[in-house]
Amino acid sequence: MIEKIRDYIAECPHLDEFTKVNVNYLVDKVNAYSVNEDSGYNPIIEPRIYGNDEMQFLFSFDAKFYWNEETENNIDNSKFFEKFRDWLEDNNSKGKYPKIEGIEPLTIGAITNGFIYATNSDEAIYRISCSFTYEKEGKI
């Protein structure tokens, strides 16, 4: 699942086109991205005796950007996450989801705004939490 989510996120037009989207790893440079599977959640939203279970995959998307006292720079960082969230919402309204065999996508979207997760002297890791809900085939 995480590989397909990463491939999907890599299609976002707001990402730096020369930067790879990693999984569970954020390289030590600015304009770096990573998709991370969340932990501590139940993937089954609604179990069904007959039919497909409604499932969820929770993940975060991290980006490392320059961070400093320049207000415009920090506003631009926040705007990136607004654009990312809007891209997810637009795809959701168009029914454009990750292509994963054996599931029926229901929704994808952000469940938080982008926020500063960690900082050092001139860089910050920003994070936005997201969810992908779907029906998993195979129960009868």
May I have the list of side-chain donor-acceptor pairs in residues 95-102 shorter than 3.5 Å, sequence neighbours left out?
| residue | atom | partner | partner atom | Å |
| --- | --- | --- | --- | --- |
| Tyr97 | OH | Asn92 | O | 3.3 |
| Tyr97 | OH | Asn92 | OD1 | 3.1 |
| Tyr97 | OH | Leu106 | O | 3.0 |

Under a 4.5 Å cut-off applied to non-hydrogen side-chain atoms, are Thr119 and Ile125 in contact?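 Result no, sub-4.5 Å side-chain heavy-atom pair not found.
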Heavy-atom check, side chain of Phe115 versus side chain of Tyr126, under 4.5 Å: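 No; the side chains remain at least 4.5 Å from each other.
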For the residue pair [X] and [Y], confirm or rule out a side-chain donor-acceptor distance under 3.5 Å.
X	Y	value
Asp16	Tyr33	no
Ser129	Ser60	no
Asp122	Tyr66	no

Tell me whether [X] contacts the main-chain N or O of [Y] through its side chain, where contact means a donor paired with an acceptor under 3.5 Å.
X	Y	answer
Gln56	Asn42	yes
Asn74	Asn68	yes
Ser34	Tyr25	yes

Parallel, tilted or perpendicular: which one describes the rings of Phe81 and Phe84, with boundaries at 30° and 60°?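 Plane angle over 60°, so perpendicular.
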Can you confirm if the aromatic rings of Phe59 and Phe61 lie within a centre distance of less than 6.0 Å?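 No: the rings miss the under 6.0 Å criterion.
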Check whether the ring centres of Tyr117 and Trp67 lie less than 6.0 Å apart, and answer yes or no.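 Ring centres of Trp67 and Tyr117 not closer than 6.0 Å.
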Cluster question for you: counting only ILVMFWY and a side-chain heavy-atom cut-off of under 4.5 Å, with indirect links fine, are Leu15 and Leu26 together?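 No.
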